[in-house]
Amino acid sequence: MQVAKLPMDCGNLNEIRQGSDAVDRGMIRLVQRPLGYGLTAAQPKPDEASIPAPDRVVARLIDHRHWAGEEQLGADLTFQAID
């Protein structure tokens with residue numbers, strides 16, 4: 001697999017598209033990982049009713065907003081569920 005160029009190093013539209021596609025594929029792989037952690041965390045639970053962790057979800061959404069701010073992304077690019 002060829003490594004994509006950084007945006008500022010792209011010399012044409014094809015290289016820009018290849019870079020964008022590579023980032024999208026990487027994001028899909030990254031999204032899969034926390035889902036795997038969630039499924040693993042649910043295994044020792046005694047029943048489905050004990051799986052939800054709403055306090056944990058809210059804490060994670062707050063973390064996501066904070067991390068997005070550190071990366072200079074607006075809150076509109078993060079989950080809005082805590083509004």
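Just so it is clear, the structure is predicted and the values come from calculations on it, not from any experiment. Sequential numbering from 1 along the given sequence is applied to the chain's residues.
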Chemist: Please report the shortest heavy-atom distance between S50 and P46, naming the atom on each side.
Modeler: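 What the structure gives for the nearest pair is OG-CD, 3.3 Å.
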Chemist: Under 3.5 Å, which donor-acceptor pairs do the side chains of residues 35-43 form with other protein atoms, sequence neighbours left out?
Modeler:
residue: T40; atom: OG1; partner: G36; partner atom: O; Å: 2.9

Chemist: If I take atom CD from residue Q32 and atom CG from residue L30, how far apart are they, to the nearest 0.5 angstrom?
Modeler: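 Separation between the atoms: 10.0 Å.
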Chemist: Are L6 and D9 packed together at the side-chain level, in the sense that at least one heavy-atom pair is separated by less than 4.5 angstrom?
Modeler: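 Result yes, sub-4.5 Å side-chain heavy-atom pair found.
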Chemist: Write down the atom of N12, the atom of N14, and the distance for their closest heavy-atom approach.
Modeler: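 Looking at all heavy atoms of both residues, the closest pair is OD1-N, 3.0 Å.
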Chemist: Please report the interatomic distance CZ(R60) to CG(D55), rounded to the nearest 0.5 Å.
Modeler: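 Interatomic distance, R60 CZ to D55 CG, rounded to 0.5 Å: 14.0 Å.
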Chemist: If I take atom CD from residue E71 and atom NE2 from residue H66, how far apart are they, to the nearest 0.5 angstrom?
Modeler: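 Reported value, rounded in 0.5 Å steps: 10.0 Å.
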Chemist: Does E70 have more than 12 heavy atoms from other residues, nucleotides or ligands lying within 6.0 Å of its CD?
Modeler: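 Counting other residues, nucleotides and ligands, CD of E70 exceeds 12 neighbours.
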Chemist: Can you see which heavy atom on G19 is nearest to which on A4, and at what distance?
Modeler: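 Looking at all heavy atoms of both residues, the closest pair is CA-CB, 3.6 Å.
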Chemist: Can you tell me how far the CZ atom of R17 sits from the SG atom of C10, to the nearest 0.5 Å?
Modeler: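 These two atoms lie 12.0 Å from each other.
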